[in-house]
Amino acid sequence: MGGVSGHLPGRPPSRRRLDSPPQPSSRVKMRLSRYFLPILRETPKEAEIVSHRLMLRAGMIRQEAAGIYAWLPFGLRALAKITQIVREEQDRSGALELLMPTIQSADLWRESGRYDDYGKEMLRIKDRHERDMLFGPTNEEMITEIFRAYVRSYKDLPLNLYHIQWKFRDEVRPRFGVMRSREFLMKDAYSFDLDAEGARHSYNKMFVAYLRTFSRLGLTAIPMVAETGPIGGKLSHEFIILASTGESEVYCHKDYLSFAPPSETIDFDDKAAVQAIVDRWTSLYAATSEKHDAAAFAALPEAARVSARGIEVGHIFYFGTKYSEPMKALVSGPDGKEHAVHGGSYGIGPTRLAAALIEANHDEAGMIWPEAVAPFKIGLANLKIGDSATDAACGRIYAALEKAGVDTLYDDRDERPGAKFATLDLIGLPHQVLVGPRSLAEGKVEVKERRSGARELVSVEDAIRRFGGKTEN
RNA sequence: CGGGGCAUAGCGCAGCCCGGUAGCGCGGAAGUUUUGGGUACUUCAGGUCGCAGGUUCGAAUCCUGCUGCCCCGACCA
C-alpha cells in the first residue's frame with residue numbers, strides 16, 4: 001500500500017504494544033510483598049461461572065458497574081499477553097494496526113443507516129453542544145470513513161486495518177463476568193478489496209490467522225458456519241472453543257479436535273495455499289445450535305460425532321458493499337470505472353478470551369495458565385521468610401531468572417506455607433519453585449508443575465537452568 | 001424487555017416477622033504460638049444498616065418512592 005502519502009515524522013511503524021490498550025507493565029519480575037494481588041479467600045456470591053469466580057478471587061478484575069470491569073495488575077498482565085499474541089498474528093497476516101476512538105459521531109452511523117437499526121444496545125450520548133455521539137459498539141462506519149478519505153485506486157488494495165480497543169454494547173443482561181460484559185476489549189480488523197474474489201482471499205487470510213492465534217493461545221478453536229447478525233453480510237464463521245461450561249450447544253466432527261494448526265511459515269499471499277487451509281477446516285461438519293442440521297449430523301459415524309458446549313471467541317464476516325455503497329467508499333478499478341469496495345470485518349474479544357482460557361484451563365484449586373499467556377511463568381515461594389538459607393536460595397533463583405528475562409513472581413510475604421501454596425495454585429502460574437528449610441537441608445528445592453501437579457526435588461542450580469537462567473559458576 | 005430476588009464492616013452472612021440505638025465468621029492491625037497444604041489463642045480497629053421521604057417518644061426493623069446489583073427467560077462477541 002504505497003499510494004497513501006503523509007508519513008508522520010519521527011514515528012516509525014511500531015509493533016510496540018504501548019500504542020493501544022491494554023498497556024501492560026514491562027516488568028518481568030515482581031515481589032509479591034510489593035505487588036497488588038488482592039486475593040479473596042471466599043467466593044463473592046454474584047459469580048456464577050468458574051472463570052468469573054476465579055478472576056475475582058485472584059484479584060484480576062473488579063466490577064465497577066453491571067458488565068463493566070476494572071482490570072487489576074494481575075489480570076492486565078494476562079490480558080496483555082493475549083493481545084500481544086493476537087497482534088503478532090494479525091501483523092503476520094499482513095494486517096496493519098491503527099487505533100480508532102471509543103466515542104463516535106452519530107452522523108457517521110446515519111450515513112450507513114445503522115444509527116436507527118442498531119437499537120438500544122448502542123449507548124447514545126450527547127456532548128456539551130447537544131451533538132449526538134455514541135460509545136462505539138463496532139467500527140465499520142469509522143474505518144470506512146477513514147478508508148474513503150484516502151484511498152482512491154485499486155492499486156492501494158488489498159488493505160486490512162485493525163485495532164484493539166474498548167467497545168461498549170449495552171447488553172440487556174450482562175453476566176458471567178468479563179465473558180459477557182457491556183464494556184469489552186475487541187480486536188477488530190477490516191479488509192478492503194476491489195471485488196468479491198479479492199475479498200474472499202482477505203477473508204481466508206483472517207481465517208488462517210485466527211486458527212494460528214487460538215492455537216498459540218493453547219486453545220482448540222473450531223470454525224463454524226454462523227449467522228451474520230446485525231453486521232450483515234454473506235459469509236461468516238464463528239470460532240468456537242469447547243468447554244463444559246460453554247454458553248451454547250455445538251456439534252462437530254471429531255477430527256477437528258486433532259487438526260494441526262497452520263504453520264508459522266505460511267505464505268499469506270499464496271491464494272491457493274491459504275484457500276486449501278480454509279477448505280480443509282471447513283470440510284467437516286461443524287455448527288452451533290442455531291445452524292445445526294440434525295440430519296447431516298446424524299449421518300456422521302457415531303464415533304465421529306462430538307456434541308458439546310462451546311464458547312465463541314472469534315467471528316469473521318464478509319459483507320461485500322454493505323458499507324462502501326451508502327458511504328461512498330469508491331476506488332477506481334483497472335477498467336477506469338469506480339467500484340464500491342468489498343469489505344469484511346473480523347473480531348476477537350481478548351477480555352472474553354481471558355475468561356474463556358480460564359474456563360478451559362482450571363481445576364479445584366484454581367486457574368492453570370497455558371505458558372503462552374501466563375501473567376508470570378514462574379511462581380517462586382519462600383516457605384520460611386527470615387531463614388537465612390531459604391532467603392539466600394530464593395535470592396539466587398530470583399536474580400538468575402530476572403537476569404534471564406523470565407517472568408517471575410516471588411512470594412516473599414511473611415505467610416504460612418499453606419497460604420503460599422493455596423495462593424500459587426489459585427493464580428495458576430505454570431511452574432512453581434518451592435523453597436523451604438526441609439528440602440534445602442539436602443540442598444534441594446521443589447519444582448512443581450501446576451497443571452499435572454508433578455513435583456520434583458532438584459538443586460538450586462538445576463532449578464535455575466531448567467527455566468532458562470544461567471548459574472554463576 | 002418480561003418474571004423473581006437481594007441491598008447490614010473489605011468478603012460471606014445473622015438481626016427485620018414481634019420497633020428500644022447492631023452482631024458472627026473470614027479478612028485487616030498488634031501480640032503470643034506454630035513452621036511444608038489457608039495453625040491456634042488474645043487484644044484492637046472497622047458500619048451515615050443503599051438513598052429520600054413518611055409513621056412513631058424512638059426505625060436496620062413498619063409504610064411509600066427511588067437507585068443499584070443478582071438470578072431465570074428472550075437477546076448477544
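Chain letters run A, B, ... following the sequence lines, proteins first and then strands; every chain starts at 1.
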Exercise for review: Could you tell me whether the phosphate oxygens of rC1(B), OP1 or OP2, come under 4.0 Å of any side-chain nitrogen or oxygen in K120(A)?
Suggested key: yes

Review point. Got a sec? Which of residues 46-61 of chain A come in under 4.0 Å of RNA chain B, heavy atoms?
Key: E46(A), E48(A), R57(A)

Revision key, fill the gap. Between CD of E171(A) and P of rA77(B) the distance, given in whole Å, is 8 Å

Practice item. Kindly point out which of rC1(B), rC71(B), rA77(B) is positioned nearest to the side chain of H315(A)? Key: rA77(B)

Practice item. Would you mind checking if R77(A) and D407(A) are paired as a salt bridge, meaning a charged N to carboxylate O distance below 4.0 Å? Key: yes

Check your understanding: How many Å lie between CZ on F168(A) and P on rC76(B), as a whole number?
Key -> 18 Å

Revision key, fill the gap. Between V178(A) and E415(A), whichever has its closest RNA chain B nucleotide further toward 5' is E415(A)

Check your understanding: Checking all strands, does T390(A) fall into the base, sugar-phosphate, or nothing category for heavy-atom contacts under 4.0 angstrom?
Key -> nothing

Exercise for review: Only one of Y251(A), Y256(A), F297(A) passes ring-ring contact (aromatic ring centres under 6.0 Å, His included) with Y285(A); say which it is.
Suggested key: F297(A)

Practice item. Looking at every strand, decide which applies to G347(A) at a 4.0 Å heavy-atom threshold: base, sugar-phosphate, or nothing. Key: nothing

Exercise for review: Could you state the atom-to-atom distance from CG of D387(A) to C1' of rG36(B) in whole Å?
Suggested key: 13 Å

Review point. Taking atom types as they are modelled, is there a donor-acceptor pair under 3.5 Å from the base of rG36(B) to the side chain of S439(A)?
Key: yes

Review point. With nearest nucleotides of RNA chain B determined for L426(A) and R62(A) from heavy-atom distances, which residue corresponds to the more 5′ nucleotide?
Key: R62(A)

Review point. Base, sugar-phosphate, or nothing for A66(A), non-hydrogen atoms under 4.0 angstrom?
Key: sugar-phosphate

Check your understanding: Mind checking whether P38(A) and L72(A) have side chains closer than 4.5 Å, heavy atoms only?
Key -> yes

Point to revise | K322(A) bridged to E140(A) by N-O distance under 4.0 Å | key: no

Review point. Which atom pair, heavy atoms only, marks the closest approach of L211(A) to P261(A)?
Key: O-CB, 4.4 Å

Exercise for review: Give one of base, sugar-phosphate or nothing for K448(A), where a contact means two heavy atoms less than 4.0 Å apart.
Suggested key: base

Review point. Choosing from rG36(B), rC1(B), rC69(B), which nucleotide comes nearest the side chain of V172(A)?
Key: rC1(B)

**Study point:** Pair partner, rG2(B) [Watson-Crick or wobble, under 3.5 Å]
**Key:** rC72(B)

Check your understanding: Looking at R450(A) and D363(A), does any basic side-chain N land under 4.0 Å from a carboxylate oxygen?
Key -> yes

Review point. How is L40(A) classified with respect to the nucleic acid when contacts are heavy atoms under 4.0 Å: base, sugar-phosphate, or nothing?
Key: nothing

Point to revise | Check ion pair D414(A)-K384(A) (N to O, under 4.0 angstrom) | key: no

Point to revise | Nucleotide rC76(B), atom C1' - distance to CZ of R352(A) in whole Å | key: 8 Å

Exercise for review: Can you figure out which of rG36(B), rU34(B), rC72(B) approaches the side chain of R416(A) most closely?
Suggested key: rU34(B)

**Study point:** Closest listed nucleotide, where the reference is the side chain of L434(A) and the choices are rC11(B), rA77(B), rG36(B)
**Key:** rG36(B)

Revision key, fill the gap. Of the listed rA77(B), rG36(B), rG12(B), the closest approach to the L383(A) side chain comes from rG36(B)

Practice item. Kindly say whether, by distance alone, the side chain of E42(A) makes a donor-acceptor pair under 3.5 Å with the base of rG27(B)? Key: no

Exercise for review: Under 4.0 Å between any heavy atoms, over every strand shown, what does T351(A) touch: base, sugar-phosphate, or nothing? Just pick one.
Suggested key: nothing

Review point. Counting only Watson-Crick or G-U wobble pairs whose two distances fall under 3.5 Å, which nucleotide matches rC51(B)?
Key: rG65(B)

Check your understanding: When the ring planes of F376(A) and F74(A) are compared, do they come out parallel, tilted or perpendicular, using 30° and 60° as the limits?
Key -> parallel

Exercise for review: Just do the ring pair (Phe, Tyr, Trp, His ring centres under 6.0 Å) check on W281(A) and F259(A) with the steps written out, would you?
Suggested key: CA-CA 8 Å; W281(A) 281 83; F259(A) 273 16; 5.1 Å; yes

Revision key, fill the gap. Side-chain atoms of A65(A) come closest, of rC76(B), rG36(B), rC69(B), to rC69(B)

Review point. Quick one: is rC76(B) close enough that its OP1 or OP2 comes under 4.0 Å of any side-chain N or O from R169(A)?
Key: no

**Study point:** Pairing nucleotide - rC16(B), Watson-Crick or G-U, each distance under 3.5 Å
**Key:** none

Exercise for review: Look at the side chain of R173(A) and the base of rC70(B), then say whether one donor and one acceptor between them are separated by less than 3.5 Å.
Suggested key: no

Identify the pairs formed between an N or O of the protein and an N or O of nucleotides 40-47 of chain B at a distance under 3.5 Å, and give each distance.
none

Practice item. Quickly, which of Y318(A), F214(A), Y346(A), F239(A) forms a ring-ring contact (aromatic ring centres under 6.0 Å, His included) with F207(A)? Name it, please. Key: F239(A)

Check your understanding: Hey, are R110(A) and D107(A) close enough for a salt bridge, meaning a charged N less than 4.0 Å from a carboxylate O?
Key -> yes

Review point. How is D425(A) classified with respect to the nucleic acid when contacts are heavy atoms under 4.0 Å: base, sugar-phosphate, or nothing?
Key: base

Point to revise | Whole angstrom value for the distance that separates P of rG28(B) from CG of L37(A) | key: 13 Å

Practice item. With salt bridge (Lys or Arg N to Asp or Glu O under 4.0 Å) as the test, would you mind laying out the steps for R466(A) and E456(A) before giving the verdict? Key: CA-CA 12 Å; R466(A) 172 171 309 204; E456(A) 204 178 333; 3.1 Å; yes

Study note, to complete from the structure: When both distances are under 3.5 Å in a Watson-Crick or G-U wobble arrangement, the nucleotide paired with rA29(B) is rU43(B)

